[in-house]
Colleague: 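Take a look at the following structure, please.
Because the structure is a prediction, the values reported are computed rather than measured. The basis for the numbers below is simple: all heavy atoms, side chains too, and nothing from hydrogens, waters or symmetry mates. A, B, ... follow the sequence lines: proteins, then strands. Residue 1 opens every chain.
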Amino acid sequence: EPEVTQTPSHQVTQMGQEVILRCVPISNHLYFYWYRQILGQKVEFLVSFYNNEISEKSEIFDDQFSVERPDGSNFTLKIRSTKLEDSAMYFCASSDEDRATGELFFGEGSRLTVL
Amino acid sequence: SQQGEEDPQALSIQEGENATMNCSYKTSINNLQWYRQNSGRGLVHLILIRSNEREKHSGRLRVTLDTSKKSSSLLITASRAADTASYFCATDPWETSGSRLTFGEGTQLTVNP
């Protein structure tokens with residue numbers, strides 16, 4: 001069964017360092033998302049991406065964050081200068097349908113620990 | 001406004017019993033979805049119910065939606081130990097332009113063998 005894959009599964013970094021989290025969405029999907037979940041808290045929307053541009057972003061997704069689809073398969077989230085509060089599980093998701101029917105398929109997540 | 005608040009926060013039942021989880025939300029929605037998350041794992045989509053639907057079934061799952069009360073419930077019948085997980089409702093609000101799901105805090109379900 002097709003699945004969303006994420007790498008790395010766990011990354012430890014020092015505060016101020018740049019981090020890139022990678023995702024390979026399901027191949028025929030057109031809509032891509034990043035969500036995050038701080039330990040013990042709810043899952044929060046970061047950004048949605050369609051047709052090679054950001055379609056929506058949350059207040060969390062500030063100038064330190066960026067997303068890119070560098071080729072036909074990868075979808076990346078970059079954090080330019082990590083802060084302690086960026087420590088969280090980051091989930092990539094994809095969908096082949098717009099909001100009207102929008103089941104999202106999530107990856108297993110990348111755990112980011114900022115020291 | 002805060003969306004998707006589930007109750008109870010935690011639920012412990014015996015195998016074979018039914019589990020009911022509730023979700024309330026505050027704004028108008030396009031649809032409401034339920035997801036499951038095993039500890040330390042990703043989210044798995046269970047079921048989606050549109051704003052013009054009142055009830056939906058999928059296997060042992062039954063979801064209801066009451067838009068007048070802005071609430072939904074998820075019923076898992078004949079529960080199994082493998083159903084142990086966190087369950088989240090997620091709403092797709094009308095006022096956003098894209099598919100931006102707002103998740104609740106979740107209900108931690110424990111099914112004891």
Colleague: Take a 6.0 Å sphere around CG of A:D62 and say whether it holds more than 12 heavy atoms from other residues, nucleotides or ligands.
Modeller: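 Check passes, neighbour count above 12.
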Colleague: Here's a test for you: under side chain to side chain contact (heavy atoms under 4.5 Å, CB included), which of B:L43, B:L101, B:T102 qualifies with A:V43?
Modeller: B:L43
Colleague: Under 4.5 Å between side-chain heavy atoms, counting indirect links through other Ile/Leu/Val/Met/Phe/Trp/Tyr residues: same cluster for A:V4 and A:F91 or not?
Modeller: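 Shared cluster, no.
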Colleague: Using a 6.0 Å cut-off, check whether atom CZ of B:R41 has over 12 heavy atoms from anything other than its own residue.
Modeller: no
Colleague: Which pair of non-hydrogen atoms, one from B:Q33 and one from A:L104, has the smallest distance, and what is that distance?
Modeller: OE1-N, 4.3 Å
Colleague: A quick test of your reading: do over 12 heavy atoms of other residues, nucleotides or ligands sit less than 6.0 Å from NZ of B:K70?
Modeller: yes
Colleague: Suppose a student defines contact as a heavy atom less than 4.5 Å from any heavy atom of chain B. Which residues in residues 107-115 of chain A would they list?
Modeller: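 The residues closer than 4.5 Å to chain B, in numerical order, are A:G107, A:E108.
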Colleague: Looking only at non-hydrogen atoms, find the nearest pair between A:Q37 and B:F88 and report the distance.
Modeller: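 Minimum heavy-atom contact is NE2-CZ, 3.9 Å.
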Colleague: Side-chain contact test, heavy atoms from C-beta onward, threshold under 4.5 Å: evaluate it for A:S48 versus B:R100 and give yes or no.
Modeller: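 Contact flag for A:S48/B:R100 side chains = no.
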Colleague: More than 12 heavy atoms of other residues, nucleotides or ligands under 6.0 Å from CZ of B:R60: yes or no?
Modeller: yes
Colleague: For atom CD of A:Q64, is the number of surrounding heavy atoms from other residues, nucleotides or ligands below 6.0 Å larger than 12?
Modeller: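 Result for CD/A:Q64: enclosed.
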Colleague: Can you list the other members of the hydrophobic cluster that holds A:V24, where links are side-chain heavy atoms under 4.5 angstrom apart?
Modeller: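 ILVMFWY cluster around A:V24 holds nothing else.
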Colleague: A:L21 and A:F105: same hydrophobic cluster, using ILVMFWY side-chain contacts below 4.5 Å?
Modeller: no
